[in-house]
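Some notes on the structure that comes next.
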Amino acid sequence: MSKKFIKCGKFFDGLNEVLRTNVNIVVEDDIIREVGEDVVCPEGAEVIDLSGLTVTPGLIDAHIHLDTLHHWLFDSSYLISDEMKTLNIVHNAEMALQGGFTTLRYIGSGLRTYGAIDARNAINDGVFPASRLIVSPHGMGISGGHSDSSSSIAGNFYLSEELEKQLNFMGNGVDFYKTYVRKEVKYGADFIKIMASGGFASPNDDPCDCQLDDDELRAIIDTAHRLNKTVTAHVYSAEIAKNLIRMGIDGIEHGSLIDEETCQMMLDNDVYLCCTFQPYQEAVHMDEEKLATKSPHFQRKLHKYVDQLRATRKLVVDKILEGKMTIGYGTDMVSVYECWECWREFHTWREEGIPALRTLRAATSVNAKILGLADQIGSIEPGKKADISAWHRDIENDIEAISECDFVMKEGVVYKNCCK
Ligand SMILES: [Zn+2]
């Protein structure tokens with residue numbers, strides 16, 4: 001058995017929003033065994049001295065897309081093979097691990113096959129030094145909708161039609177969606193993701209379009225639940241979100257245009273929100289220079305919805321501060337920053353006035369609950385997996401503090417240690 005004794009400088013356990021000092025941790029193999037001020041070094045243990053750093057649980061990003069190597073390639077991702085995308089997933093998960101994020105919730109992609117599942121399994125087997133992946137392989141949806149990457153070449157009908165035929169996760173009718181949910185589970189999906197509304201990044205739809213019929217939505221949710229899988233939906237508007245909550249959806253991604261009533265329904269029905277602030281930051285705070293880096297349709301839609309985006313942002317920030325709803329930390333960066341720069345959402349939450357430890361609680365124990373893994377990860381407690389990160393900058397006062405990670409342990413294995 002391998003034993004490690006970790007001496008912490010400052011210490012955040014992922015649950016209580018306080019920084020403690022003089023805490024020590026004992027790790028046996030892949031599990032945390034002891035945590036506390038009085039814990040002494042077991043005989044024969046390897047000592048890891050992080051007394052100059054702030055120690056946190058390994059962080060979790062609950063909304064990430066990993067298929068593209070660089071953000072400027074996103075709009076032409078239809079040119080990239082599934083094999084290359086699978087390699088990109090592994091590479092980006094390696095980069096995220098080096099940044100202190102030990103778990104990533106992979107929230108659907110444009111791969112026709114199951115490369116994300118293979119990547120997850122290879123990482124779990126220890127073949128690659130990368131973040132653990134929790135995978136929904138595809139984001140099911142409609143022709144011309146948010147999951148239809150052939151829309152990006154809609155100016156060329158022939159090419160777009162040929163490409164769309166390859167995108168087997170898009171279709172129509174109850175039978176199609178029941179079959180597809182079962183296939184996702186057959187090939188190893190951890191959860192199911194659907195594109196219930198239009199988006200900002202897709203060219204010819206609108207964020208408030210309802211993109212699936214009620215009978216299709218019901219079929220997806222019921223089929224997944226029968227197979228013990230949760231369902232989350234890409235959705236912006238209050239009306240579509242409320243409709244999904246009534247149908248029994250488990251989570252809402254983005255929710256950037258929801259209202260007070262939606263929040264109350266989410267609270268009453270224990271539906272989580274993964275709010276992904278960062279991609280809409282340029283519109284909410286109208287930074288024309290950064291806005292210009294987005295695609296023309298993204299800019300047009302952001303201008304159209306800017307007032308509602310601002311109102312909902314304020315509402316969701318208030319709900320995070322209130323602390324009753326389950327609101328997770330997710331980056332959703334595809335076209336402006338590299339997808340693995342998971343620290344950027346921390347910067348955005350801090351800019352909104354959310355305290356650092358409230359933000360980090362979202363990125364640890366709250367996200368662990370969203371992933372259904374609260375008994376395994378998201379906090380530094382005896383019995384949990386030994387996922388631990390550490391940082392040299394001032395976590396509480398420096399709003400970019402987690403852009404520089406100094407130490408990463410995942411399941412008891414050290415993947416980065418700048419203190420050596
Ligand atoms: Zn997304």
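Both ligands and their constituent atoms are indexed starting at 1 by order of listing. This structure is a prediction, so every number in the text was calculated from the model and none was measured.
Taking 4.5 Å as the limit, every side-chain heavy atom of F101 sits out of range of all side-chain heavy atoms of W340. Taking 4.5 Å as the limit, some side-chain heavy atom of F277 sits within range of a side-chain heavy atom of I320. Side-chain contact between M409 and I6: present, with at least one pair of heavy atoms (C-beta onward) separated by less than 4.5 Å.
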Legend entry - Working for ring-ring contact (aromatic ring centres under 6.0 Å, His included), residues H234 and Y236: CA-CA 7 Å; H234 161 105; Y236 293 100; 5.0 Å; yes

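Residues meeting the ring-ring contact (aromatic ring centres under 6.0 Å, His included) test with Y114, sequence neighbours left out: H138, Y187.
Aromatic pair F200/Y280: centroids less than 6.0 angstrom apart.
Tally of protein N, O or S atoms closer to the Zn ion (ligand 1) than 2.8 Å: 3.
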